[in-house]
A.B. asks: 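Take this structure first; my questions come after.
In what follows, chains carry the letters A, B, and so on, assigned in the order in which the sequence lines appear, proteins first and then strands, with residues in each chain numbered from 1. The figures here come from the full heavy-atom set of this structure, side chains too, leaving out hydrogens, waters and symmetry mates. None of these values were measured; they are calculated from a predicted model.
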Number of protein chains: 2
Amino acid sequence: MKPEPAPTTTRERFIAAAKALFAERGFYGASMDQIAREVGLTKQALIHHFGSKEKLYGAVLSDISERLLAELEESEHQVAPDAAEAFIGALQRIYRRTIENPADTQLLMRELLDNRQRAPKAGSWYLRPFLDRLERLLARDPRWETEKKPARETHVYQLLGAINYFAISAETLKAMYSNRHIAAMQKGFPARLARLAGSSP
Amino acid sequence: MKPEPAPTTTRERFIAAAKALFAERGFYGASMDQIAREVGLTKQALIHHFGSKEKLYGAVLSDISERLLAELEESEHQVAPDAAEAFIGALQRIYRRTIENPADTQLLMRELLDNRQRAPKAGSWYLRPFLDRLERLLARDPRWETEKKPARETHVYQLLGAINYFAISAETLKAMYSNRHIAAMQKGFPARLARLAGSSP
DNA sequence: ATCGTTACCTACCAAGTGGTAAGGTGTCAA
DNA sequence: TTGACACCTTACCACTTGGTAGGTAACGAT
């Protein structure tokens, strides 16, 4: 529905191209030269803007994180009858965003696979603010506010996992079955998500 | 509990090393030289056995597929009170296998991300026989046998997704929280899986 | 004794990797 | 007018990539 605004600055165009290629082929599979040529500039222009491949990758993750946070913020401006509804609404919003931006999702799943031990350890993790924000939203639900924080955080984490996995699966399943069948599945998912999200601790 | 038998032949040792490295760094991130040195031989010995990197990767996937199928076969030898129970039992067996062999799981998730357009198109997909077998097992359940085959197959697919995602998440969550907390979560998962698997169409 | 095969080696190659060095061009402030 | 800076270029570098060529040692069958 709401298309991602087309990138304007060179930096934004680099990030968009890098995101697509990192998502498709992974960190090692995507080369600096390839990313730069996608934009129509040279590899050295890319290095000029980001310093190194690692930093470019970091910038891409930051970009995704910011967009997710922005989505949550919009979600919080809407009024909901109660806390549980607000939480479910936020998740469904995230879900819609997820299937509209498959590259972001793919990249996040890769991040999960690549940085198993390294990344999530400290607070220095790109998705941490997003996770925290969702956790606080869940904490407003009376059924959850008495629980411990890790319990809420894992609930959030698992729900995000369900969303991501479903989004990725849909792409693969489309290749295996008829589009019509998948469309039906996708239509039913938000309701299923609501059931999962609304379940008690 | 049941440790994977140590690889004996050179070919098996190559496959084991390749599996670990492909799982950890992805197809492009793992190099032939690295894999060979892990075994203590040269890159050319590796190429001698498998022909090319692509074929080596294929051999690794085949290996995983065979092991999964073998697990299912053992599962079918056990008697269960009814079809639904048998299906749940098989899934729980797969689950146990999954957390005991995290490298296999990681690699399968990567495969899901990498081959979106390329691989699953035809029936020439490595996991297809495994998926089919599970689907047929589910078809014995009276509540499912009247459903269409794609419905059963997506049910199976989603359940496997839940297992895989949970296994991967557990690794990441371990880095974020206390081991004790994660252990409690893991203990509860088989029951949760049974509830998911046993649900009606 | 010899042949064919399997398993492995060293040597080598073209292509590509991320990154550095140095320079050119345009813009804008002093 | 000059200087500083952002942006982007070509030229180059050391290193790694997957893969080829050709050879050697071991071994079983004939």
Side-chain angles (χ1 to χ4, degrees), chain A residues 5-63 103 106-107 110-111 113-115 118-119 126, chain B residues 5-63 103 106-107 110-111 113-115 118-119 126:
Chain A
T8 53
T9 69
T10 300
R11 187 188 157 90
E12 279 169 355
R13 289 171 66 214
F14 272 137
I15 286 187
K19 189 191 288 183
L21 276 171
F22 280 141
E24 198 181 321
R25 324 214 338 148
F27 180 80
Y28 301 104
S31 81
M32 298 290 273
D33 189 65
Q34 205 181 358
I35 293 167
R37 259 187 289 121
E38 200 80 18
V39 173
L41 294 174
T42 62
K43 177 179 58 165
Q44 287 67 22
L46 178 54
I47 289 179
H48 166 73
H49 277 276
F50 297 93
S52 74
K53 193 182 185 182
E54 293 272 356
K55 286 182 189 166
L56 167 61
Y57 186 68
V60 170
L61 288 183
S62 285
D63 179 79
Q106 233 177 318
L107 198 47
R110 279 195 196 280
E111 183 60 13
L113 289 172
D114 288 343
N115 287 346
R118 197 179 70 210
Y126 295 100
Chain B
T8 53
T9 71
T10 299
R11 188 188 155 88
E12 280 168 354
R13 289 170 66 214
F14 273 138
I15 287 187
K19 190 191 286 183
L21 276 170
F22 280 141
E24 198 180 323
R25 323 214 340 146
F27 179 80
Y28 301 103
S31 81
M32 298 290 271
D33 190 64
Q34 203 180 359
I35 293 167
R37 260 187 289 123
E38 200 79 18
V39 174
L41 293 175
T42 62
K43 177 180 57 167
Q44 286 67 21
L46 178 55
I47 289 179
H48 166 73
H49 278 276
F50 297 93
S52 73
K53 191 181 185 181
E54 294 271 356
K55 286 182 188 165
L56 168 62
Y57 186 69
V60 170
L61 287 184
S62 287
D63 179 79
Q106 233 177 318
L107 198 48
R110 281 195 194 278
E111 183 59 14
L113 288 172
D114 288 343
N115 285 348
R118 196 178 73 212
Y126 294 100

A.B. asks: Rounding to an integer number of Å, can you tell me how far Gln34(A) CD sits from dT17(D) C1'?
C.D. replies: 15 Å
A.B. asks: Tell me: CG of Leu56(B) to P of dT17(D), nearest whole Å?
C.D. replies: 15 Å
A.B. asks: Using whole Å, what does the distance between atom P of nucleotide dA21(D) and atom CD1 of Ile47(B) come to?
C.D. replies: 12 Å
A.B. asks: Does any part of the side chain of Phe50(B), heavy atoms only, come nearer than 4.5 Å to the side chain of Arg11(B), both counted from C-beta?
C.D. replies: yes
A.B. asks: Just how far, in rounded Å, is C1' of dT9(D) from NE2 of His49(A)?
C.D. replies: 13 Å
A.B. asks: Strictly below 4.0 Å: does Thr42(A) bring a side-chain N or O up to OP1 or OP2 of dT9(D)?
C.D. replies: yes
A.B. asks: Would you indicate what Ala36(B) reaches in the nucleic acid, counting non-hydrogen atoms under 4.0 angstrom: base, sugar-phosphate, or nothing?
C.D. replies: nothing
A.B. asks: With no hydrogens and no angle check, is any side-chain donor or acceptor of Arg110(B) less than 3.5 Å from a backbone partner on Arg110(A)?
C.D. replies: no
A.B. asks: State which of dC8(D), dT17(D), dA11(D) makes the closest approach to the side chain of Ser31(B).
C.D. replies: dT17(D)
A.B. asks: Mind calculating the distance between CG (Leu46(A)) and P (dT20(C)) to the nearest angstrom?
C.D. replies: 13 Å
A.B. asks: Please verify the inter-ring angle class for Tyr57(A) with Phe27(A); under 30° counts as parallel, over 60° as perpendicular, anything in between as tilted.
C.D. replies: perpendicular
A.B. asks: Could you please name the option among dT9(D), dC9(C), dA7(C) that lies closest to any side-chain atom of His48(B)?
C.D. replies: dA7(C)
A.B. asks: Given atom CZ of Arg11(B) and atom C1' of dT6(C), what is their separation to the nearest angstrom?
C.D. replies: 14 Å
A.B. asks: Contact class for Leu41(A) vs. all strands (heavy atom < 4.0 Å): base, sugar-phosphate, or nothing?
C.D. replies: sugar-phosphate
A.B. asks: Main chain of Leu107(A), side chain of Lys19(A): is a donor-acceptor contact present, judged purely on distance under 3.5 Å?
C.D. replies: no
A.B. asks: Are the side chain of Lys53(A) and the backbone of Ala30(A) linked by a donor-acceptor contact shorter than 3.5 Å?
C.D. replies: yes
A.B. asks: Quickly work out the Gln44(A) CD to dT20(C) C1' distance and round it to whole Å.
C.D. replies: 9 Å
A.B. asks: Test for a donor-acceptor pair under 3.5 Å between the base of dG19(D) and the side chain of Lys43(B), counting only N and O atoms.
C.D. replies: yes
A.B. asks: Just checking Ala45(A): base, sugar-phosphate only, or nothing, at a heavy-atom cut-off of under 4.0 Å?
C.D. replies: base
A.B. asks: Measure from NZ on Lys53(A) to C1' on dT20(C) and round the result to the nearest Å.
C.D. replies: 18 Å
A.B. asks: Could you say whether Thr10(B) or Asp33(A) is positioned toward the 5' end of DNA chain C, judged by the nucleotide with the nearest heavy atom to each?
C.D. replies: Thr10(B)
